[in-house]
Amino acid sequence: MHELSAFVVQVLLLLVVPGPTNTLLCLSGREKGFLPSLRLLVGETAGYLAVIVPLVTFLAPVLDERPSISLGLKAAAAFWILYMATKLWKTSNDNASNISVTVLRVFVTTILNPKALVFGLVIFPRGQDVPLHLAAFLGTLVPVAILWMGGGAVAGRSSRYLTGKVFRRLASACLVVFSAVLIRSVALA
């Protein structure tokens, strides 16, 4: 049980760190409110599972043998995140619904989120304990996502200076930083 506790702590520490998925959850909480944003849990959960399950079950050995595949995944993630940042930056208050955070956008962003690779390749164990660890992962993921959406909702209601445009631009700037870090890691590899 100590191993499972350590796993949950690792998952929690990685999930609470700001990243592309959390940025979208927070933005949705800010722009749509807490309750309407809860549907995004489907996209985040499905995105993480779509990466973690195949990695843990059979792709980890292939990626270990072919590092160029991992680099390609990182590059794809960096460009998706940069695309999302550009869309957020260019969105005016009048066009905010055009860049609304959808379940599909959260799903794709989570699939391309480097955290998913870290979970699948580093944090998750291999072998028989995978189902138990998946349950623990989901039990940690949901409350953290709720915190991000709730934080966005509170920020949207509590500050008259943090307008939708300013919030989207801050979110965009965060996404640019994440993208730059990924591009740098690909370039240095």
* Can you tell if the side chain of E3 reaches within under 4.5 Å of the side chain of D129, non-hydrogen atoms only? -> yes

* Taking atom SG of C26 and atom CD of E31, what is their separation to the nearest 0.5 Å? -> 10.5 Å

* To do: Measure centre to centre between the rings of F137 and F7, then say whether the value is under 6.0 Å.
  => no

* Structure fact -> Closest non-hydrogen contact found for A76 with L112 is O-CD1, 4.1 Å

* Heavy-atom closest contact (A85 atom, S172 atom, distance) -> O-OG, 2.6 Å

* Same apolar cluster: V56 and I69, side chain cutoff 4.5 Å -> yes

* Asked: Which heavy-atom pair separates Q10 from I123 by the least distance, and what is that distance?
  -> OE1-CG2, 3.5 Å

* So how far is it from L138 CG to T45 OG1, rounded to the nearest 0.5 Å? -> 6.0 Å

* May I ask you to decide if A153's main-chain N or O and R30's side chain share a donor-acceptor pair within less than 3.5 Å? => no

* Asked: Are V108 and V176 in one and the same hydrophobic cluster, where Ile, Leu, Val, Met, Phe, Trp and Tyr link if side-chain heavy atoms are under 4.5 Å apart?
  -> no

* Within residues 131-153 or reaching into it, pairs that qualify as side-chain hydrogen bond (donor to acceptor under 3.5 Å, both in side chains) - sequence neighbours excluded -> none

* **CG on L71 to CG on L188, rounded to 0.5 Å** => 10.5 Å

* Kindly give the cluster partners of F79, where membership spreads through any ILVMFWY side chain lying under 4.5 Å from a current member. => none

* Other residues, nucleotides, ligands: >12 heavy atoms within 6.0 Å of R184 CZ -> no

* Can you hop from V154 to L147 via hydrophobic side chains spaced under 4.5 Å? -> no

* How long is the gap from CZ on F119 to CG on N113, to the nearest 0.5 Å? -> 8.5 Å

* **By side-chain hydrogen bond (donor to acceptor under 3.5 Å, both in side chains) - contacts of T23 (at least two apart)** => none

* **Joint hydrophobic cluster, V118 plus I183, side-chain heavy atoms closer than 4.5 Å** => no

* Structure fact -> dist L25:CG -> L27:CG (nearest 0.5 Å) comes out at 9.5 Å

* Does V106 reach the side chain of L41, with side-chain heavy atoms less than 4.5 Å apart? -> no

* Report the C-alpha distance between Y48 and K115 in whole Å, list the side-chain angles of each, state the deciding distance to 0.1 Å, and finish with yes or no for side chain to side chain contact (heavy atoms under 4.5 Å, CB included). => CA-CA 9 Å; Y48 275 123; K115 288 182 188 181; 3.8 Å; yes

* To do: With rounding to the nearest 0.5 Å, note down the distance linking CG in L59 to CD1 in I52.
  => 13.0 Å

* **Polar side chain donor-acceptor pair, T110 to T21, under 3.5 angstrom** => yes

* Going through the checks in order, is the side chain to side chain contact (heavy atoms under 4.5 Å, CB included) test met by F124 and L55? -> CA-CA 9 Å; F124 264 83; L55 281 176; over 6 Å; no

* When hydrophobic residues are tied together by side-chain contacts of less than 4.5 Å, even through go-betweens, does V16 share a cluster with V9? -> no

* Answer yes or no: is there a donor N or O on one side and an acceptor on the other, between the side chain of N22 and the main chain of A145, under 3.5 Å? => no

* Starting from the C-alpha separation in whole Å, work towards a yes-or-no answer on side chain to side chain contact (heavy atoms under 4.5 Å, CB included) for V51 and L117. => CA-CA 7 Å; V51 173; L117 293 175; 4.3 Å; yes

* Between G29 and S37, which heavy-atom pair has the shortest distance, and what is it? -> N-OG, 3.3 Å

